[in-house]
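So you know, we letter chains A, B, ... as the sequences are listed, proteins then strands, and number each from 1.
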Protein chains: 2
Amino acid sequence: MSDNLHHFVEEFALAYEAAGIPRTAGRILGWLMVCDPPEQTASQLVEALGASKASVSTMTRLLVQMHLIERVPKRGSRQDYFRIRPGTWSERVKNGLAGLSVYKTLADKGLRLLENAPPERGERLREMRELYAFFEEELKGLFERYERKKRGGSDAIQ
Amino acid sequence: MSDNLHHFVEEFALAYEAAGIPRTAGRILGWLMVCDPPEQTASQLVEALGASKASVSTMTRLLVQMHLIERVPKRGSRQDYFRIRPGTWSERVKNGLAGLSVYKTLADKGLRLLENAPPERGERLREMRELYAFFEEELKGLFERYERKKRGGSDAIQ
DNA sequence: TTGTATGTTTAGTCAATACTGAACAAAATG
DNA sequence: CATTTTGTTCAGTATTGACTAAACATACAA
């Protein structure tokens, strides 16, 4: 409704566009973070964001696939309700950090190819491998610490 | 040269394409990680990767701007030499992780807009904020630990 | 059944971008 | 000076992808 809120939604969308999420999908995310009530039908999204039905249909599907939002069935209504999936951001960060291990694997593959080459030739890859291995290990622990803190902390979300 | 190496370079490029780096730029990166010698001229890159001069010129510029590679002046030659920037991967991870703070800021902005709204409406944003704040803080420490370990460790790169 | 509300799929438009060949620029060498 | 080597810029092509309107499908309501 308010102009400020719309501005926020745009900023939200922009930030997530940089992370590879389509503009409209980002707007849906941003809106679902601040709207009242937190569950919204597809038509409400169309209305609030000024996007087409088709776009909302496609992007909600995408966001559901990405586990960022979820469909909420509502008895007495056959409309689809959407909301931010509880725990989404935590999972997103977790997956993002876990994705770093791809690069460790990559470095490993390269090193295997250079087994018979003079050792200094593998220096670049070893540095890369060492870095990603360190973070893969440590981030695992960091995440556990976060979840433990959250369980023990004030309000648990789910 | 070897077919295996080319396959590795392709895989490397593919992995970094997922991170938003153009295919050819990724190939340059991959090649510079395993080539011998580690510094290569533009024409060597053209030759090794089968890309056009124009592409190599554009993509090397991009990679230099991204601080992933660097131009190395070489006395006695007016050709441009390129190599992986020492410490690149470390810096890349560091910046990537530092980028998470954008989302904390984002959540803050949203919360400010909801100041006058009933508190439960800010619940989604508070959860998000709390998460990113935690990681912003902890990752800072984690990185320090990595650098300290590296300095103290076996071979320092730069 | 017919009508109405809702969501998905399709076809097509528009914009962005990765890439190339060719023209151009700059500088060293003969 | 002209020639050769090297790199950049420009113009054009092809691909991808986000988005929309319109057609279609589904299911409830009268």
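- In this structure, B/L63 atom CG and D/dG7 atom P are separated by 16 Å, rounded to whole Å.
- B/D80 pairs with exactly one of B/R71, B/Q40, B/K74 by the side chain to side chain donor-acceptor pair (under 3.5 Å) rule, that one being B/R71.
- Using a 4.0 Å cut-off between charged side-chain N and carboxylate O, B/E115 and B/R112 make no salt bridge.
- A distance of 6.0 Å or more separates the ring centres of B/W89 and A/F134.
- Counting only heavy atoms from C-beta on, A/S55 has its side chain closest to D/dT20 among C/dG7, D/dT6, D/dT20.
- Between B/R61 and D/dT9 there is a side-chain N or O to OP1 or OP2 distance below 4.0 Å.
- When the P atom of D/dC19 is taken as reference, atom CG of A/L45 falls 14 Å away, rounded to whole Å.
- The side chain of A/A54 has D/dT20 as its nearest neighbour among C/dC19, D/dA18, D/dT20.
- Atom pair B/I21:CD1 and C/dC19:C1' shows a separation of 17 Å (rounding to whole Å applied).
- The side chain of A/A51 lies closest to D/dT20 when the candidates are D/dT20, C/dA18, D/dC19.
- As judged by a 4.0 angstrom heavy-atom cut-off over every strand, A/A42 is placed among residues touching the sugar-phosphate backbone only.
- Between B/K53 and B/T58, the residue anchored closer to the 5' end of DNA chain C is B/T58, taking for each the nucleotide with the nearest heavy atom.
- In this structure, the CZ atom of B/R71 is 15 Å from the P atom of D/dT6, given to the nearest Å.
- What separates NZ of A/K74 from P of C/dA5 is a distance of 22 Å, to the nearest Å.
- Nearest nucleotide to the A/S57 side chain, out of C/dT8, D/dT8, C/dC19: C/dT8.
- Atom pair A/L62:CG and C/dG7:P shows a separation of 18 Å (rounding to whole Å applied).
- Among the atoms of the strands shown, none is found under 4.0 Å from any heavy atom of B/T41.
- Regarding contacts with the backbone of C/dA18, every side-chain N or O of B/T24 stays at 4.0 angstrom or more from both OP1 and OP2.
- Residue B/S52 places none of its side-chain N or O atoms closer than 4.0 Å to OP1 or OP2 of C/dC19.
- The closest donor-acceptor contact from the side chain of B/S101 to the backbone of B/A98 lies under 3.5 Å.
- A salt bridge is defined here as a Lys NZ or Arg NE, NH1 or NH2 lying under 4.0 Å from an Asp or Glu carboxylate O, and B/E91 with B/R85 meets this definition.
- Across the protein-nucleic acid pair, B/Q44 atom CD and D/dT5 atom C1' stand 15 Å apart, rounded to whole Å.
- Distance A/L49 CG to D/dT20 C1': 15 Å, rounded to the nearest Å.
- Checking D/dT8, C/dG7, D/dC19 against the side-chain heavy atoms of A/R23 singles out D/dC19 as nearest.
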